[in-house]
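The sequence lines fix the lettering, A, B, ..., with proteins before strands; numbering per chain opens at 1. Computed from a predicted model, the values in this text were never measured in an experiment.
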Amino acid sequence: MQLSLLHGFSTPATPVGKSQPAPELPIARVLLDSPLPHLDRPFDYLVPADLSDAAVPGVRVKVRFGGQELAGFLIERLASTDTTARLVNLGKVVSAVPVLSPEILGLAQSVAARCAGSVHDVLRVAVPPRVARVEKEFADRVPGAGTQDEPTAGTAEKAEEKNGPSDAPPKQGQPAGNPFRRYAHGPRFLSHLAAGHSPRAVLSSLRGYGPDAWPREIAAAVEATVLSGRGAVVVVPDQKDLARVMDALQDRVPADTAVRLTGEDGPTPRYRSFLRLLYGDASVAVGTRSAAYAPVANLGLVCIWDDADDLHAEQRAPYQHARDVLLLRAEAAGAGMLVASHTRSTEAQRLIESGWAAPLDAERALVRASTARVMSTADTFNLERDPLAARARIPHAAWKAAQDGLKRGPVLVQVARTGFSPALSCQDCREPARCRQCQGPLAQAGRNSPPACRWCARPEPRWHCPHCGSFRLRASTAGAGRTAEELGRAFPSVTVVSSAGDHIRSEVPDAPALVVATPGAEPVAPSGYAAALLLDGTAMLSRQSLRAQEETLRRWLTASALVRPASEGGVVVVTADDTATVGHLLRWDPAGAAERELALRRELGLPPAVRYAELTGSREGLEGFVSRLGLPESARIVGPAPVEESTVHGAEAAAQRWRTLCFFPYSEANVITPAMRAAKAALSARRTGDPVYIRVDAPDGL
DNA sequence: AGCACGCCGACT
DNA sequence: GTCGGCGTGCTC
């Protein structure tokens, strides 16, 4: 009650009725900061004369809407409005900084349309929260007036002073020449960029460590772009990769040209980097997925590292993928694009086959010379002949490779991610639960799936403990940890390093050590690993996912790229039974794997040969929703089918959720996804409960 | 989330 | 005949 009283007094009788509208362009078009889908469109307001100068497109504003004061972005000034509604005055301009450029607004709108989501949800990711103190550092500056066009040495110096001295360490080591020389058409890609053109390419990177590592390749492409007087955006999956790219850029572009842009740095540094780009003090943005929207003017190149990494997909609606955001941005801005990875995603393969991007691949001979020797071994082994191997619970060939490798340097052991398939042990005596057939560790793929062997995949539904006779299993948290422990026992005098989950190591010394890591958490050894053991292949391959093979090959190639080439004794041992995927690793053939995979998807009418949307909600809700869409003949509806409650959206887990899949050709997408968006807005306006959640092109949905 | 407008029941 | 219940729908 007191609150409402206070509120009543704090908003004095508005003098707006009396104030004159601005003489020029008196209408302001505003995007509201509201999560409601049916409000996700511009609303017009009257600009009072005293706000006219500050009310420029892109600024944050406050407006009265319905009952309350809402934040929003002013996106346009207009001479007249086409609404019949009685216009209300713009409340206030929150900050003079035009944080939402027309380019990024357009991008957010395209992304929202593509994902059948709201512009608001995209903008929440694209424009970082305001930090007023940081804005003061840029007082009296004009956006975009930074370095290139005008001689603004004075202001630049001032900014330098305020930001403190550059903490860039002096250049060390020598830039490794042109890292693109190893790829057919690679040098031409760089020279086109440097000449101000906008080539598009998919690069199959060969090396993950040392002077020829992929961060140097990305840095070279950025350098070429900067030489042409243009800016660049680089998106990487995580902090570890971000640090590596920033490091590689130090040798390639002038100090302070590039900024880190990631939410994990916290609001203040993030907003400062954002403003440095906006004001033109920096022209290269490197960051995690939200950096795809970085306000880099005069964009020459967008670049994504390892686009198949699931970290590139936004976790919240509309679940947009950094690769797709960058594709839309490159198209709209006329920028070049570089999709680089040790593997090749089926999406990247599609870009190549459609002629949109060119492949940059090394010649076979060079591939063989640059990569490790890969051996495969069946996922089972003979316990009796192999007591030591049994103790480490790894096949003999792998054990042997580790033993040899440890004489020459660190040895990487890749194990399945914890939680992805948690190992099981006896609830009562805590002994690890083992397969009766091969003694492999038992694991559960999901909460309700029966235990199965992680090596031979044999299900063990009626397990009982051979030690104490108990029938009760417990999920143990130790994936990498346990393996590290076991390996430590098998190699008693060797240092064991573990890198997974919350204790990720980015680097290990060149000294002999066993480095146990989960996929994506592999530390880099400066001179490469002497050997790598890729365990748990069968578990990864038997995952219930359309992408199991693609994803497994990606993890294998990424780990193998950290191993020295065969000529320097580098060895990779993979334990799995799948012949096709193992074959692509043995031949180091990501292109062939992607070709094969995309051909298969095309045959089956599955993504990414087609696009698709995943609709979840109540059964009735879905039926009504789909019937309202007016789908063309070419769209294929599958379901609805009940879904497991593994990913609960709301608190009420009681209601059974259903899922409908809708597959449609690329050519119809620009009709179908906006229709879905409109249907969701209509549904939300009527407030009939029963929401339908839309997820377009989810990488892990099938 | 609030506020208007709208169509039914109780009261002046 | 008018005041007011709160039940749908819109909010520049």
Sugar-phosphate, base or nothing in reach of [X], heavy atoms under 4.0 Å:
{"X": "A/Tyr45", "result": "sugar-phosphate"}
{"X": "A/Arg86", "result": "sugar-phosphate"}
{"X": "A/Leu32", "result": "nothing"}

Roughly, in whole Å, what's the span from [atom1] in [X] to [atom2] in [N]?
{"X": "A/Ile27", "N": "C/dC12", "atom1": "CD1", "atom2": "P", "value": "13 Å"}
{"X": "A/His38", "N": "C/dG9", "atom1": "NE2", "atom2": "C1'", "value": "9 Å"}
{"X": "A/Glu69", "N": "B/dC3", "atom1": "CD", "atom2": "P", "value": "14 Å"}
{"X": "A/Leu78", "N": "C/dC12", "atom1": "CG", "atom2": "C1'", "value": "12 Å"}
{"X": "A/Leu39", "N": "C/dT11", "atom1": "CG", "atom2": "P", "value": "10 Å"}
{"X": "A/Arg29", "N": "C/dC12", "atom1": "CZ", "atom2": "C1'", "value": "10 Å"}
{"X": "A/Leu70", "N": "C/dC10", "atom1": "CG", "atom2": "C1'", "value": "14 Å"}
{"X": "A/Leu683", "N": "C/dC10", "atom1": "CG", "atom2": "P", "value": "14 Å"}

Would you please say whether a donor-acceptor pair under 3.5 Å links the side chains of A/Ser118 and A/Asp121? yes

Would A/Ser52 and A/Glu24 count as having a side-chain donor-acceptor pair, cut-off 3.5 Å? no

Please give me the minimum heavy-atom distance between A/Leu546 and A/Pro607, naming the atom from each residue. CD2-O, 4.0 Å

Are A/Lys92 and A/Glu69 close enough for a salt bridge, meaning some N to O gap below 4.0 Å? no

